[in-house]
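Shown next, in structure tokens, is the structure this report addresses.
As the structure is a prediction and not an experimental result, all values here were calculated from the model. In the text below, chain A, chain B and the rest are named by the order of the sequence lines, each starting its count at 1.
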Amino acid sequence: MRIAASTVTLPKTTRLKREFYNREPIRVARECLGKVLVHGETAGRIVEVEAYLGQDDRAAHAWSGVTKRTEVLFGPPGHAYIYFIYGMYECLNFVAEPEGRAGAVLIRALEPLAGIEQMRKRRPAAKRVEDLASGPGKLTQAMGITRRLNGCDLVTGELEVRAFNGEAKPEIAVTPRIGITHCADWPLRFLIRGNKFVSGKPIHI
DNA sequence: CAATAGATCATCT
DNA sequence: GATGATCTATTGC
């Protein structure tokens, strides 16, 4: 794929439909790998995600039930759940499962594909392209995703998720989730094996 | 390299 | 009032 200063040529892609998200979060998480997140002129390939299992998962925000913050999680699938954390950062999730259940997928890292100059402006701390979106707080910054987009419909709204037509399934590595204290040993983090744009070190096992 | 402190505030107890 | 699905800069080996 070619990258230019302000415009990009991506191979043909198709936007994901509602049914993609209307499944159990582990399934959605694994299938998100290799898909493309698009916002404005920026785009990135999803290379790392985590599954959150809703009310049965002590580490999930949905664990404490429906609140002002979590109502999007309990809503219909295919919407963005974006929350503010550590007084400074915002994290992007895709809402999975039917309305009433609160499974979600945390997007943890992207391989930048388009709008890289804009990403660099938004993230002056990043020295290398590999640092632009290699973490949940970094990728929202790089792509200009804020709480303004909480509840945004991924199927029809300004935030898009697309699949490369005919792309082979990537090889997936599995680890425990990062940065949580509860259920810290559950194997719910999924990455593209060997990819250089993941958070932390690449995993090739 | 690895370990750690500090930034900073919405949310829930 | 404490905590948190994080990141960066700095310190020390």
Want to settle it: does Leu73(A) or Asp131(A) sit nearer the 5' end of DNA chain C, counting the closest nucleotide to each?
Leu73(A)
Rounded to the nearest angstrom, tell me the gap between atom OH in Tyr83(A) and atom P in dT3(C).
18 Å
Under 4.0 Å, heavy atoms only, any strand: does Ala125(A) hit a base, just the sugar-phosphate, or nothing?
sugar-phosphate
Taking for each residue the nucleotide of DNA chain C bearing the nearest heavy atom, is the 5' side occupied by Arg108(A) or by Lys127(A)?
Arg108(A)
Does NZ or CZ of Arg23(A) fall inside the cone over Phe20(A)'s six-membered ring, less than 6.0 Å from its centre and within 45° of the axis?
yes
Please give, in whole Å, the distance from dT6(C) C1' to Ile145(A) CD1?
16 Å
Main-chain N/O of Arg177(A) paired to Arg189(A) side chain as donor or acceptor, under 3.5 Å:
no
Looking at dC12(B), dT6(C), dT8(C), which one has an atom nearest to any side-chain atom of Arg123(A)?
dT8(C)
Shared hydrophobic cluster for Ile107(A) and Phe190(A) (ILVMFWY, side-chain gaps under 4.5 Å):
yes
Using the P atom in both, what is the distance from dT3(C) to dA5(B), to the nearest Å?
16 Å
Ion pair check, Arg120(A) and Asp131(A), cut-off under 4.0 Å:
no
For a quick check of understanding: with a heavy-atom distance under 4.0 Å over all strands, which category does Ile180(A) fall into, base, sugar-phosphate or nothing?
sugar-phosphate
If I take atom CD1 in residue Ile178(A) and atom P in nucleotide dC7(C), what distance separates them, rounded to the nearest angstrom?
10 Å
Rounded distance (Å) that lies between atom C1' of dA5(C) and atom OH of Tyr81(A):
9 Å
dA5(C) P sits how many Å from Lys138(A) NZ, rounded?
18 Å
Here the distance between atom C1' of dA5(C) and atom CH2 of Trp186(A), to the nearest Å, is 14 Å
Strictly below 4.0 Å, N to O, side chains only: are Glu50(A) and Arg108(A) in salt-bridge contact?
yes
Only Watson-Crick and G-U wobble pairs, only distances under 3.5 Å, only runs of 3 or more: what stems does that leave for DNA chain B?
B:1-7 with C:6-12, B:9-12 with C:1-4
Quickly work out the Glu48(A) CD to dA5(C) C1' distance and round it to whole Å.
11 Å
For the pair Lys12(A) and Glu167(A), find out whether any cationic side-chain nitrogen is under 4.0 Å from an anionic carboxylate oxygen.
no
Any chance the side chains of His61(A) and Tyr81(A) put a donor and an acceptor closer than 3.5 Å?
yes
With a non-hydrogen cut-off below 4.0 angstrom, is Arg58(A) in contact with a base, only sugar-phosphate, or nothing?
nothing
In plain terms, say whether Glu160(A) and Arg162(A) are close enough for a salt bridge, that is, a side-chain N and a carboxylate O under 4.0 Å apart.
yes
Side chain to side chain contact (heavy atoms under 4.5 Å, CB included) partners for Glu99(A), two or more places apart
Pro76(A)
List every contact pair, protein side and nucleotides 2-11 of chain B side both N or O, where the distance is under 3.5 Å.
{"unit_1": "dT8(B)", "atom_1": "O2", "unit_2": "Tyr86(A)", "atom_2": "O", "d": "2.7"}

